[in-house]
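Since the structure comes first, as structure tokens, the remarks are kept for the end.
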There are 2 protein chains.
Amino acid sequence: MKAQDCIFFQLAKASQTGVKFWSQIVASFGVTAVQAMVLGFLHEADQISSRELGERTQLDSATLTGVLDRLESGGLIERTPNPADRRAIRVVLTTKGKATTLEMRTVMEEANAEFLHDLSDQERQTLRELLGKIRSAHHKGG
Amino acid sequence: MKAQDCIFFQLAKASQTGVKFWSQIVASFGVTAVQAMVLGFLHEADQISSRELGERTQLDSATLTGVLDRLESGGLIERTPNPADRRAIRVVLTTKGKATTLEMRTVMEEANAEFLHDLSDQERQTLRELLGKIRSAHHKGG
DNA sequence: TGCAAATAACTTGTATGCAAGTCAAATGCT
DNA sequence: AGCATTTGACTTGCATACAAGTTATTTGCA
């Protein structure tokens, strides 16, 4: 078996290609690929705790603290206290954060389509299914 | 479109799942996932320059310098001078590096099979093809 | 009620990834 | 030969990842 045939290598490199592609697109909004993803999730569910945000984005709490720090410095989100649990925070989009996120969501759809431009509709569907199958198979101790 | 349906997110998370899986396996050899990958490529082509190794592994020269540093500290590789080009180095596996790499290649095949355990032969084949298609479509300015 | 165990966010240390820049050596062109 | 350009490896700075540990707070249970 050649190293290039290793599924871990293939996944990692396809992922890197995607992240680079997406990074260049969202760079014009002043955010990184990961930051853009976090904003996208916040657009779906605002006011959630760091823990829940980490669950949805599949980001480690250590990683997320840094990402939130930079988003907060950029004025895109705010950390507000949660009166019901003083250990937790509530992450909220600022006005600027909401505007940026809205703009990016349009761009994201275009980017998704363009990134998979060379694949047929059937292939895109299959790819998403297979990637999902992998993740669910290895979810928490599979 | 939900953030979870973003192909960049799906690729990144499937990749992370793979890297974590592979990392746990190679940890017993005292190397990281990336280090194991580099060793795998060196097993195919020893004595190559850092530039060529970077081409094959798709690792940035900045990243590769650090990876080679740690492999060299671990006694798995050595940097030797290239008399034909004094700018370049030649990366060679040590005896220990060769032994480790040999052992790992067996484990790698098992890990590949186990990681894709929930997929049929047809699905595995399709997945590899689609990932390859993505990478080649975006290779150097696509 | 009181205290051990669990939890939320953060911190620390190490390893990629990548853009940008440095330095020495090799190349190309006149 | 002489010199600008290119190249190979390295360095720096910043942004993820993630294991491991800290602190304050909350929960669960005797």
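In the text below, chain A, chain B and the rest are named by the order of the sequence lines, each starting its count at 1.
Put simply, CG on A/L68 is 14 Å from P on D/dA15, counting in whole angstrom units. Atom CD1 of B/I89 and atom P of C/dA25 are 15 Å apart (whole Å). In this structure, B/L39 atom CG and C/dT16 atom P are separated by 11 Å, rounded to whole Å. When the C1' atom of D/dT16 is taken as reference, atom NZ of B/K20 falls 13 Å away, rounded to whole Å. Taking atom CD of B/Q24 as the reference point, atom P of C/dA15 lies 17 Å away to the nearest angstrom. To the nearest angstrom, C1' of C/dA15 lies 5 Å from CZ of B/R70. Rounded to whole Å, the distance from CG on B/N82 to C1' on D/dA9 is 13 Å. Distance CG (B/L53) to P (D/dC10): 11 Å, rounded to an integer number of Å.
Residue B/T32 has a polar side-chain atom (N or O) positioned under 4.0 Å from OP1 or OP2 of C/dT16. Neither OP1 nor OP2 of D/dC18 sits under 4.0 Å from any side-chain N or O of B/S23.
Side-chain atoms of B/R79 lie closest to D/dC10 of the nucleotides D/dT26, C/dC10, D/dC10. Among the nucleotides D/dT16, C/dA15, C/dA9, the one closest to any side-chain atom of A/R51 is C/dA9. Nearest nucleotide to the A/T63 side chain, out of D/dT25, C/dT16, D/dT16: D/dT16. Counting only heavy atoms from C-beta on, A/S61 has its side chain closest to C/dC10 among C/dA25, D/dA9, C/dC10. Checking C/dC10, D/dA17, C/dA9 against the side-chain heavy atoms of B/Q16 singles out D/dA17 as nearest. Among D/dT26, D/dA17, D/dC10, the nucleotide with an atom closest to any side-chain atom of A/R86 is D/dT26. Residue B/Q35 has its side chain nearest to C/dA15 when only D/dA17, D/dA15, C/dA15 are considered.
A/H138 places a side-chain N or O within donor-acceptor distance of the main-chain N or O of B/F115, the cut-off being under 3.5 Å. No side-chain donor-acceptor contact under 3.5 Å links B/E123 to the backbone of A/L130. Distance alone, capped at 3.5 Å, is enough to place a donor-acceptor pair between the B/T94 side chain and the B/G75 backbone. B/E72 places a side-chain N or O within 3.5 Å of a backbone atom of B/R79 that can act as its donor or acceptor partner.
Mapping A/K13 and A/D69 onto DNA chain C by nearest heavy atom places A/D69 closer to the 5' end of the strand. In terms of position on DNA chain D, the residue among A/A33 and A/P83 whose nearest nucleotide sits closer to the 5' end is A/A33.
A/I7 CD1 to B/L127 CG: the interatomic distance, rounded to the nearest 0.5 Å, is 4.5 Å.
Within the nucleic acid shown, B/S50 comes within 4.0 Å of sugar-phosphate atoms alone, with no base atom in reach, counting heavy atoms only. Counting any heavy atom pair closer than 4.0 Å across all strands shown, A/S49 reaches sugar-phosphate atoms only and no base atom. Residue A/L59 is classed as a sugar-phosphate contact, given heavy-atom separations below 4.0 Å to backbone atoms only. Within 4.0 Å (heavy atoms only), A/D60 reaches at least one base atom of the nucleic acid. The residue B/A62 sits close to a base: some heavy atom pair falls under 4.0 Å. Heavy atoms of A/V67 sit under 4.0 angstrom from primed sugar atoms or phosphate atoms, though from no base atom.
At a cut-off of 3.5 angstrom, the base of D/dT26 holds no donor-acceptor pair with the side chain of A/R87.
Following chains of ILVMFWY side-chain contacts shorter than 4.5 Å, one cannot reach B/V92 starting from B/F41, and the two form parts of different hydrophobic clusters.
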